[in-house]
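Here is the naming used below: chain letters follow the sequence lines, and residue numbers restart at 1 for every chain.
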Amino acid sequence: MSNDQTMDLGHVMRDRREKLTSLRTMNVNPFAYEFDRTHNAGDILADFDSYIEKEVSVAGRLMSIRKMGKAAFAHLMDSSAKIQFYIRLDQVSEDEYAVFKLCDIGDIVGIKGKVFKTHAGEISILVSGFELLTKNLRPLPIVKEQIVDGEKKVFDAFTDTEMRYRQRYVDLVVNPQVRETFVARSKIITAMRQYLDNKGYLEVETPVLQPVYGGAAARPFTTHHNALDMTLYMRIADELYLKRLIVGGYEGVYEISKDFRNEGIDRTHNPEFTMMELYVAYKDYKFMMNLVEDMVTFIAKTVAGTTKINYQGEEINLDPPWPRLSFFDAIKKYTDLDLAGMDRHGLLQTAGQLDVELEDFWGNAKILDEIFSEKVEPHLIQPVFICDYPVELSPLAKKHRDDPRLVERFEPYIAGREMGNSFSELNDPIDQRERFESQVAMREAGDEEAHALDEDFIRALEYGMPPTAGLGMGIDRLVMLLTDSASIRDVIFFPTMRQE
RNA sequence: GAGGGUGUAGCUCAGCCGGUAGAGCAGCGGCCUUUUAAGCCGUCGGUCGUGGGUUCGAUUCCCGCCACCCUCACCA
C-alpha cells in the first residue's frame, strides 16, 4: 500500500483508515460480501402509494448526511435514483447506529425499513436495519443541491474536465446527467442494432488487426505480432473485409466496432471511435439514403421520443425526407461558383479567391474537398444528403451511371457535421486496381493518408461481388447529436488522454 | 503542429501591482430524534502544477517544462 498517497490527501484519508480499524474492532467487515435488496430507489419514488408503510430494503452510495445527534437524515443513490432515509437511535440497535455514525459520504450501505413521507413531503425510508457494505476511503467531491421553485440548483458541481475524463467513475457518481448520456448511448446502439436486425441483416465481426489497412483515408496505428514476426495495423475501417463477405454470399452484413486512426484529437475526433458499417447486396446508394433517414428517425424516436431535437442551441428536424444536393450544386449554392469540370488552374485560382489554403501535393479532388469543407459544411445544419462526389476522392465507390467524373456516393450532414459515408460499391476489379494505383501514386507524392493497394481484396472482387450499397456511420457523432453533447469526449467513457 | 487561456485545501473558488495564503462545502470534536445547500460552537487542513531565474524575500514578476481547455491546422 502506498502510504505516500494517503499522506497526499492529508488527514481525511488517514481518518477513514482509522475508521476501518474501529469498524473491525466492532466486528463489522467494512467490505461486505453481499446484501439482499428488495427494491430500487426509483421503484419506490415512482409509486409511493403502493409502497407506503411497506418494508423495503435498498442499497446504494451515501450522497448526503444530516446528523442530529440521536437521529439523522441521509440520501443514498442506486443506479435508478436517490432516496432519503431517516435513521433514529430508537429504531435500530446501538451497534447499528454506531456503525452509521462512522459512515461518510461515498460509503455504500444497505438499509431496511418502512416507506413514509416526511413533514416536508419527501418520500423516505424509516430505517430499522442498517449495514455498511463498502467503506469509502477517498473523499468524493461534495455536490450539494437545492430545490428552488421546482428547479434544481447545484452547488460546487464537479466540473474540472480533466478530472472528469481521467476519473470518469467519479464523474458518473456525482454528475447524474453524465450517467444519462451514456445510458442514451447504449440505447442508441441497441436501437440501431434492432433496426438492422429487423431488416434481416447479419451482424458480423471482422479483424481489428490487419496486415494491410484500408477502407478509408487515414494514418493507422502500427503494431507487431511476435510469433509471426509481422507488422500489423489496427483497422481504420471495416469496409474491405465486409465486402469480402458480400463476395462470399451474404446479402446484408453489418458490424458495429471500434476503428483506430492515428490522427489529431479534438472535440469531434478520438483516436479510437465507434463505427457502424453496413453492406447490402443488389442495392445502390439511393437505397442507402432512404435507409439512413429511416434508421436515424427510428433511433431518435426510440431514444428521445421525438424527431425534433435541439443540438447546441440549434433546432434540428430529423423528419424525412432529407433534401439531396449534389456536391457541385452545394458549392454553387454557398459560393455562387460552378466548379464542375474546372481545370487545375481554375481551381487554384478559385481557392485563392475564397481564401482556402492548400498543400502542394494535393490533387484537384482534394482541393475541391477543402473548398467544400470550408465554404459549405458549416451551413449544413438541417439534415441533408450531399451526393455525387468527384471520383478521385472515392477510390472504393462506383462511377456515377450518368457522369464518369463522379461517383455514386453520399454523405449525410447534420449540424454541420459529416455523420456518415455511403456509396454504390465499386465491384469492377479492373477499375478498382486502377483506383488503388492512383492512390499509390498520391501516396508517393506525399499524401500519407492515401489508400494502400490490397491485392487480396482485388482477388475477391475478381470472383464477383454483386451490386452492393455500403454505408459507414460514426456512432459517437450520432450520440453527440442525440444527447446534445459538444465534445466527443462527453460520449466516450474513457477518452484518450496523455498519461498522467 | 501554431496561437490564446487555465492550474491555489478533498471539491468549488477568492487573493497576491513581491513580504511564504483565505472563504464556503467536506473532515475532526461538542450540542442537537422530521432534516434537506440542516443549524450553532470549536478545530484540523496547503512544499499556491513543476523546474529554473531576478530579488534581502516569489504563490505573485520573467523563462523553460507538464497537464487540461478553447481557436486554427489535419482527419470521421
Rounded distance in Å between the [atom1] positions of [N] and [M]:
| N | M | atom1 | answer |
| --- | --- | --- | --- |
| B:C16 | B:G4 | C1' | 24 Å |
| B:U60 | B:C48 | P | 10 Å |
| B:A21 | B:A9 | C1' | 11 Å |
| B:G24 | B:G1 | C1' | 42 Å |
| B:G42 | B:U47 | P | 27 Å |
| B:G15 | B:U8 | P | 14 Å |
| B:C17 | B:C13 | C1' | 22 Å |
| B:G29 | B:U12 | C1' | 25 Å |

- Task: Output all residues satisfying salt bridge (Lys or Arg N to Asp or Glu O under 4.0 Å) with A:R179, sequence neighbours left out; order by chain, then residue number.
- Result: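 Residues passing salt bridge (Lys or Arg N to Asp or Glu O under 4.0 Å) with A:R179: none at all.
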key: Closest to the A:K19 side chain, choosing from B:C28, B:U33, B:C68   =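 Out of B:C28, B:U33, B:C68, the nucleotide with an atom closest to A:K19's side chain is B:C28.
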Among B:U34, B:G27, B:C74, which nucleotide sits nearest the side chain of A:E370?
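For A:E370, the side-chain atoms sit closest to B:C74.
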Whole-Å distance separating the [atom1] atom of [X] from the [atom2] atom of [N]:
| X | N | atom1 | atom2 | value |
| --- | --- | --- | --- | --- |
| A:I265 | B:C72 | CD1 | P | 17 Å |
| A:Q167 | B:G10 | CD | P | 13 Å |
| A:E162 | B:G49 | CD | P | 14 Å |
| A:N262 | B:C74 | CG | C1' | 12 Å |
| A:I105 | B:A26 | CD1 | P | 7 Å |
| A:Y86 | B:U34 | OH | P | 5 Å |
| A:K101 | B:G30 | NZ | C1' | 11 Å |
| A:Q91 | B:U34 | CD | C1' | 12 Å |

Is [X] touching bases, backbone alone, or none of the nucleic acid, heavy atoms closer than 4.0 Å?
| X | result |
| --- | --- |
| A:A217 | sugar-phosphate |
| A:R417 | nothing |
| A:D160 | sugar-phosphate |
| A:M163 | sugar-phosphate |
| A:E377 | nothing |
| A:Y97 | nothing |
| A:R219 | nothing |
| A:Y165 | sugar-phosphate |
| A:M497 | sugar-phosphate |
| A:R164 | nothing |
| A:N270 | base |

Taking side chain to side chain donor-acceptor pair (under 3.5 Å) as the test, write out the residues that go with A:N175, two or more places apart.
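So A:N175 forms a side chain to side chain donor-acceptor pair (under 3.5 Å) with A:D171.
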Next on the checklist: Can you pull out every salt bridge (charged side-chain N to carboxylate O under 4.0 Å, His left out) where at least one residue sits in residues 68-96 of chain A? Sequence neighbours excluded, please.
Outcome noted: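 Only A:K82-A:E145, A:R88-A:D90 qualify under salt bridge (charged side-chain N to carboxylate O under 4.0 Å, His left out).
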OP1 or OP2 of [N] sitting under 4.0 Å from any side-chain N/O of [X]?
| X | N | result |
| --- | --- | --- |
| A:R14 | B:G27 | no |
| A:R16 | B:G27 | no |
| A:R166 | B:C68 | yes |

Upstream residue (5' side of RNA chain B) when A:A157 and A:R88 are each assigned their closest nucleotide =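 Taking each residue's closest nucleotide, the earlier one in sequence belongs to A:A157.
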Residue closer to the 5' end of RNA chain B, A:A74 versus A:D104 (nearest nucleotide):
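Looking at the nearest nucleotide for each, A:D104 comes out on the 5' side.
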For [N], give its Watson-Crick or G-U wobble partner with both distances under 3.5 Å, or none.
| N | result |
| --- | --- |
| B:U6 | B:A67 |
| B:C72 | B:G1 |
| B:U34 | none |
| B:C11 | B:G24 |

Do [X] and [Y] get their side chains close enough for a donor-acceptor pair, meaning under 3.5 Å?
| X | Y | value |
| --- | --- | --- |
| A:D43 | A:S80 | no |
| A:N270 | A:R489 | no |
| A:E122 | A:H75 | yes |

Hey, would you say the A:Y254 and A:Y201 ring centroids sit under 6.0 Å apart?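 Centroid distance A:Y254-A:Y201: not below 6.0 Å, so no.
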Taking the ring centre of each residue, are A:F493 and A:F182 less than 6.0 Å apart?
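Yes, close enough.
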message = List the residues meeting ring-ring contact (aromatic ring centres under 6.0 Å, His included) with A:Y165, not counting sequence neighbours, and say none if there are none.
response =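 For A:Y165 there are no ring-ring contact (aromatic ring centres under 6.0 Å, His included) partners, ignoring immediate neighbours.
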So, using ring-ring contact (aromatic ring centres under 6.0 Å, His included) as the criterion, who are the partners of A:Y311 when residues are at least two apart?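 Expected list: none.
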message: Could you measure the distance from the CZ atom of A:F327 to the OH atom of A:Y389? Nearest 0.5 Å is fine.
response: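 Nearest 0.5 Å value for the CZ-OH distance: 6.5 Å.
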The contact string for nucleotides 36-43 of chain B, one letter per nucleotide 5' to 3', using protein heavy atoms under 4.0 Å with B, S and - for base, sugar-phosphate only and none, comes out as BBB-----
